[in-house]
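Only one structure is covered here, and it is reproduced in the block below.
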Amino acid sequence: MKKNLKTTLLTYGAPLSLTCLLSLGVVQPAFAQASGEAAPAATPAEAVPALTTPGTDVARADQTPPAPTGFWDRATLFGDMGGLRPWLGDHGVTLSLQETSEYLNNLSGGVKRGGAYDGLTQLGVVVDTQKAFGLPGGTFNASALQIHGTSLSQRNLLTLQSASGIEADDTTRLWELWYQQSLLSGKVDVKIGQQSLDQEFMVSQYAMSFMNLTFGWPILPSVDMPAGGPAYPLSSLGVRVRAKPSDSWTVLAGVFDGNPAGSDVGDPQKQNSHGTNFNLHNGVLFIGEVQYAMNQPPANPADAQPGGLPGTYKLGLWYNTQHFADQQFDNTGLSLANPASTGIPRSHRGNYSFYATADQMVWRPSTESPQSIGVFARVMGAPGDRNLVDLGVNAGVMLKAPFKGRDNDIAGLAVGYAKIGSHARGLDDDTAALTTPGYPVRSSETIIEATYLYEVTPWWQLQADFQYVLRPAGGIPNPENPSQRVGNEAVVGVRTNIMF
């Protein structure tokens, strides 16, 4: 739901004339790194080489579906497509098609009860330029999205951390369009073109199996970056450099257009409704990340040696050069809640955030066993004067192969926390003191999610999900009854994912 939730918060969190919030974006999972980081478990996204649930790697051009065996054993529903896939593979082309559909239902709280269907079809083409044109080390990627259905979070929940990472405006759009070149024997690669940052930056591998948006593209950049940042379903023109000085260390750095929507006015998805606004005039977004991977398995499983449990740790930061509206004060220093205010928020030049991510396997019976337990944690902060959320935290635990014979099933429990920024809370305090006695002060939103992913076949997964939300949107008034806050929410859902 890269919907404009800021409009909802303005309408029900403070009078429209009082503040100017930044656009909100969302999405789920992210780029399974080709940087030496081991994916701790096979998620639905990882079963297909070129497409995944948004946020998971769409560019693993070095992988091709295995030779088809039985209908229930092959990696994709259509197998080799009558020989088309192997023929394309011989010419360096990987074609992928994936459909994700889900139904979510709000059982309690929120602004209304009921359910909603939403779905996402992804088409991707990856070209190995060595095979296709004789150009060593090159990869070309193009992907498109067909988004359909209704956003339960937008209609029924009004949460910051949307119940699903695939919720977005109905449309057919270009997602990514880029070329990547490997240099220095693979120690460095450069990617240029239209890119979605949730494919490589801020990624937690163990978090990818959860459905809520905050476990993919986290809530803080979703709310604080213009248009939610270059993340599903949007992307921005830019350049990314990746260097791998050793097997353990990876450095990512990128420069991108600052606003993938092209403007700060209106619904960002409608401004860039088909993903073809190739902007370079909305400020600049700089982002960098350092990754350390330890005890990673070798490329050849036969070379595996007994050792410690694998883990990956990341530190990163981003900086956007645009101007950002203060959440509490106007351009004269008065509170925006003051009747004498100009109603024009104070402008801050630039915005930034620091973040850290950890994925660590904590138990497995042996190196040969499919069963394991992994934990993850991710924390990020941003200035409280210009941001709706100034602290975002999520953490969880994932059990792979919870039952004998279910090697690729996953059970998980996670929590996500979004703290309302200091100036946004201050505006609520001012509103209560100056104009609306008893006006509620937003504090934080917490989401708890329990999920179970069941692999029916390698090409078909089913997922059952339960989420409970405390203080939706930090505790905003219910638009149906402004004297009360939006109630805590219990959401159940089921998702199906098919790789064609």
Side-chain angles (χ1 to χ4, degrees), residues 4-25 158 160 219-229 258-259 261-268 281-286 317-355 380-392 418-445 471 473-477 479 482 485:
N4 199 2
L5 183 57
K6 70 173 183 180
T7 303
T8 302
L9 294 173
L10 283 169
T11 304
Y12 303 120
L16 181 60
S17 62
L18 297 185
T19 187
C20 178
L21 300 179
L22 302 178
S23 294
L24 169 67
L158 302 186
L160 292 172
I219 183 59
L220 188 143
S222 294
V223 174
D224 294 347
M225 284 188 180
N259 186 337
S263 166
D264 293 321
V265 180
D267 185 331
H281 56 269
N282 298 110
V284 180
L285 172 63
F286 298 95
L317 62 89
W318 58 262
Y319 178 81
N320 191 300
T321 65
Q322 289 187 266
H323 286 79
F324 294 80
D326 195 279
Q327 302 291 298
Q328 183 176 9
F329 298 108
D330 72 7
N331 56 353
T332 68
L334 290 176
S335 171
L336 289 161
N338 193 316
S341 168
T342 64
I344 303 172
R346 175 187 297 168
S347 180
H348 297 274
R349 181 168 184 175
N351 199 5
Y352 60 91
S353 172
F354 295 91
Y355 63 89
M380 49 192 64
D385 54 0
R386 68 205 72 180
N387 292 304
L388 177 62
V389 172
D390 63 8
L391 176 66
K419 176 176 168 289
I420 301 300
S422 57
H423 279 214
R425 298 196 312 273
L427 178 63
D428 293 343
D429 277 326
D430 294 343
T431 302
L434 298 172
T435 62
T436 311
Y439 191 85
V441 177
R442 291 166 290 172
S443 57
S444 63
E445 176 187 273
R471 297 181 304 278
I476 60 172
R485 297 177 188 260

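- Judged as a side chain to side chain contact (heavy atoms under 4.5 Å, CB included), and not counting sequence neighbours, the contacts of Phe286 are Val255, Val284, Tyr319, Thr321.
- Contacts of Phe329 classified as ring-ring contact (aromatic ring centres under 6.0 Å, His included), with partners at least two apart in sequence or in another chain: His423.
- When all heavy atoms of Ala382 and Val389 are compared, the pair lying nearest together is CB-O, 4.4 Å.
- Atom CG of Leu336 and atom OG of Ser341 lie 4.5 Å apart (nearest 0.5 Å).
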Discussion item. Please evaluate residues Trp318 and Leu285 with respect to the criterion side-chain contact (heavy atoms from CB on, under 4.5 Å), reporting the C-alpha separation (whole Å), side-chain torsions for both, the decisive distance (0.1 Å), and the verdict.
Written reply: CA-CA 7 Å; Trp318 58 262; Leu285 172 63; 4.0 Å; yes
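- Between the side chain of Asn320 and the main chain of Gly258, a donor-acceptor pair closer than 3.5 Å is present.
- Separating the CG atom in Asp330 from the CG atom in Asn338 is a distance of 8.0 Å, to the nearest 0.5 Å.
- For the pair Gln328 (side chain) and Ser335 (backbone), a donor-acceptor distance under 3.5 Å is absent.
- Here the CG atom belonging to Leu388 is positioned 6.0 Å from the CG atom belonging to Leu160, to the nearest 0.5 angstrom.
- Here CZ of Arg349 is found 5.5 Å from NE2 of His323. Values are rounded to the nearest 0.5 Å.
- Heavy atoms only, all atoms of each residue included: Pro477 and Pro440 are closest at CG-CG, 3.7 Å.
- Partners of Asp390 under the side chain to side chain contact (heavy atoms under 4.5 Å, CB included) rule, at least two apart in sequence or in another chain, are Lys419, Ser422, Arg425.
- With a 4.5 Å cut-off on side-chain heavy atoms, Pro479 and Leu158 count as touching.
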Item to complete: Please assess Ser353 against Asp224 for the test side-chain contact (heavy atoms from CB on, under 4.5 Å), listing each intermediate value before the final yes or no.
Response: CA-CA 9 Å; Ser353 172; Asp224 294 347; over 6 Å; no
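- Rounding to the nearest 0.5 Å gives a distance of 5.5 Å between CG of Asp430 and CG of Leu434.
- Across every non-hydrogen atom of Ile476 and Arg442, the tightest pair is CG2-CD, 3.7 Å.
- In this structure the side chain of Met380 reaches within 4.5 angstrom of the side chain of Pro221, judged on heavy atoms.
- Within the 4.5 Å cutoff, side-chain heavy atoms of Pro226 are placed close to those of Phe324.
- Nearest heavy-atom pair across Val441 and Asp428 is CA-CB, 3.7 Å.
- The heavy-atom pair separating Ile420 from Ala424 by the smallest distance is CG2-CB, 3.7 Å.
- Of all heavy-atom pairs between Ala325 and His348, the closest is C-CD2, 4.4 Å.
- When the side chain to side chain contact (heavy atoms under 4.5 Å, CB included) test is applied to Asn331, the partners found at least two apart in sequence or on another chain are Thr342, Ile344.
- Under a 3.5 Å cut-off, the side chain of Ser444 and the backbone N or O of Gly474 do not form any donor-acceptor pair.
- Among residues two or more places apart in sequence or in another chain, the side chain to side chain contact (heavy atoms under 4.5 Å, CB included) test is passed with Thr436 by Thr431, Tyr439.
- For the pair Arg386 (side chain) and Gly350 (backbone), a donor-acceptor distance under 3.5 Å is present.
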